[in-house]
Amino acid sequence: MIDGFMAGLAAFSSWQVIAGLFAGVIIGYLVGALPGLSAGVGMALLIPFSFGLDPIVSVVMLITLYMASEYSGAIPAILVNTPGEPSAAITALDGYPMRQRGEAGQALTLSILGSAGGSVLSTILLIFTVSWMTKFALAFGPAEYFAIAVLGLSLISTLSGDSVTRGIIALLFGLLLTTIGTDPVDGIPRFAVVEGFLSGVPFVSALIGLFALSEVLRMLETADEPVIPLRNIPSVSGQFSLIRPHTWNMIRSTLVGYVVGVIPGAGASIASITAYSIQKRLSKSPETFGKGNPEGVVAAETANNSCMPGALAPMLALGIPGKASTAVLIGALAIHGVQPGPLIFERNPEVPYSMYIALLVGMPFMVMLGLYGTRLWVQLTQISRGVITAIVAATCLLGTYSESKDIFSIWVAVGFGVVGYVLQKVRIEPAPIILALVLGYLMESNFRRAMVMSGDEISIFYMHPISMICLGIAIIVFFLPLLPSFGRQKAQIEEQIHH
């Protein structure tokens, strides 16, 4: 390990590598802040420009872009309820209400410090646990992936607002949407009324429509209202104290994000949802989640950023992409003649250790850029609602088109924008729909594969210890929030009987 770090540090003696680190962070901020341009898209766009560069320069630039874009998706999520990254949708649940209260500066500060803490701690975990954590991931088969998806869907109660019933309705609607497209096992088209739906409902379009364009329609109703004045923004030196009360929340969410990241296919969205749900359960004021509780912002941002180093573990040790962004990174390494997998630590040790150093060294620069830019970010909230509405709408449509290069995706986003607006009117939160779109395909495809493997024996799900434990936890998590309502109903019935 020491030799590997020495090789990585030697690579950082080059000014080109340092320049690549700074360029990656700056480009990552821009990519993550634009709706539709995810980390994977940004990395894919940057790869052609890296052909003539040294492999270490390319890797450092791509990995820091990945890191910065994972955070910067929180900026539009907090300021205008427009998640720059899918995982930032959970951040918006409490970040945007804080902005509406005039606390945009505090929300942005907590998000950047939580992201930084989660990224640094999970990078340290990656360095020391990459070997045995990837062995654990090898034990996951279709039954385990199905159980994890069910566990994620069971967290619906934490994203349902005031009514679990409405949340279940939204979840079922989202699961119905996942049946559109090609059958994951048989390859038969299902409900694909137009060719654009053959690969399923475009996720980025649905996300932007439900969260952003629906908000544009809602903002049009109040375009003439005066701008909410901002409270005093703390100085840069004093901002670090804001995270102190959330230390344990940050450590706990880091562990959740890293473990979820190691599991291939799980992703930052699941990490954010899980950490957010755990913090809500442990909070002294769970009823304030979704209404501007800083604990929710810290939990979501810490988890989704700590998920990124976790996703690197199966990529480096096994050559398996943990998510779309690491799949792009594998392609970039292959272009430069580097093959991720167990032999990378023997043949090209400078590559993984350069990644570790880039994550640790690039983080202070990312934090400073975020904190010193806080005053600039919050000034955006002082623009009139009419101007913001026009900018957000144009950005959303541009981001949607940039992600797919297809006009059909724009129409899908507009359609989901109308659906999201109608759902707001009947007080149904869009988050459960996004949760279903993230996990629905994972659940169905792995259920089908598990049944094929077992010869249609349902016992495969409770014969495997990991899947059985996950399903058991899912049942408890789903029904636990319902017990208080049952208790209240019972008390009301008893009171009526006594009267």
Side-chain angles (χ1 to χ4, degrees), residues 32 38-40 66-67 69-74 77 83-95 111 114-126 129 133-134 136-137 140 144-145 147-156 158-159 203 207 246 249-282 289 295-315 321-326 359 431-432 434-439 442-443 470 473-474 477:
S38 63
Y66 187 6
M67 172 184 69
S69 61
E70 285 290 342
Y71 160 67
S72 60
E85 288 274 337
S87 56
I90 310 302
T91 305
L93 294 178
D94 286 286
S111 68
S115 300
S119 183
V120 169
L121 290 175
S122 60
T123 299
I124 295 172
L125 286 172
L126 171 66
T129 65
M133 286 294 285
T134 47
F136 175 74
F140 279 72
E144 286 76 15
Y145 282 120
I148 287 176
V150 172
L151 178 59
L153 292 174
S154 71
L155 302 173
I156 181 63
T158 64
L159 305 176
F203 179 75
L207 175 70
H246 305 282
N249 178 3
M250 188 168 62
I251 293 173
R252 187 166 47 246
S253 299
T254 297
L255 293 174
V256 170
Y258 182 73
V259 172
V260 171
V262 168
I263 302 169
S269 296
I270 298 177
S272 294
I273 293 166
T274 305
Y276 184 90
S277 304
I278 291 173
Q279 186 58 34
K280 184 176 180 180
R281 300 258 187 259
L282 299 176
F289 275 65
E295 296 175 33
V297 174
V298 174
E301 277 303 294
T302 302
N304 69 38
N305 282 270
S306 60
C307 184
M308 187 269 284
L312 294 177
M315 186 205 81
K323 54 185 294 189
S325 301
T326 50
L359 291 172
I434 297 301
L435 177 65
L437 288 174
V438 169
L439 298 178
L442 181 69
M443 182 179 70
C470 289
I473 295 174
V477 168

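None of the values given here were measured: they were computed from a predicted structure.
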Q: Walk me through it: do Y276 and D94 pass the test side-chain hydrogen bond (donor to acceptor under 3.5 Å, both in side chains)?
A: CA-CA 10 Å; Y276 184 90; D94 286 286; 2.7 Å; yes

Q: Could you walk me through whether T254 and I251 pass the side-chain contact (heavy atoms from CB on, under 4.5 Å) test, one step at a time?
A: CA-CA 5 Å; T254 297; I251 293 173; 5.7 Å; no

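Counting only distance, with no hydrogens or angles, the side chain of N304 and the backbone of S272 share no donor-acceptor pair below 3.5 Å. The closest donor-acceptor contact from the side chain of S306 to the backbone of A303 lies under 3.5 Å. No donor-acceptor distance shorter than 3.5 angstrom exists from the side chain of S119 to the backbone of S115, with no hydrogens or angles considered.
In terms of heavy-atom proximity, A299 sits nearest to Q279 at CB-CB, 4.0 Å. Across every non-hydrogen atom of N249 and E295, the tightest pair is ND2-O, 3.1 Å. For the pair G257 and A271, the tightest heavy-atom approach, listed with the atom from each and the gap, is CA-CB, 3.9 Å. Taking all atoms of both residues into account, the shortest heavy-atom contact from A300 to I90 is CB-CG2, 3.9 Å.
The closest side-chain heavy-atom distance from L121 to L255 is not below 4.5 Å. Residues T302 and V256 form no side-chain contact, since every pair of their non-hydrogen atoms from C-beta on lies 4.5 Å or further apart. At least one side-chain heavy atom of E70 sits under 4.5 Å from a side-chain heavy atom of Y66. Contact annotation: the side chain of C307 never approaches that of Y258 to less than 4.5 Å [non-hydrogen atoms, C-beta and beyond]. A heavy-atom distance below 4.5 Å is not found between the side chains of T123 and V120. Using a 4.5 Å cut-off on side-chain heavy atoms (C-beta onward), R252 and L282 make contact.
Note that OG of S122 is 8.0 Å distant from CG of N305, once rounded to the nearest 0.5 Å. Taking CD of E301 as the reference point, atom OG1 of T91 lies at 3.5 Å (rounded to 0.5 Å).
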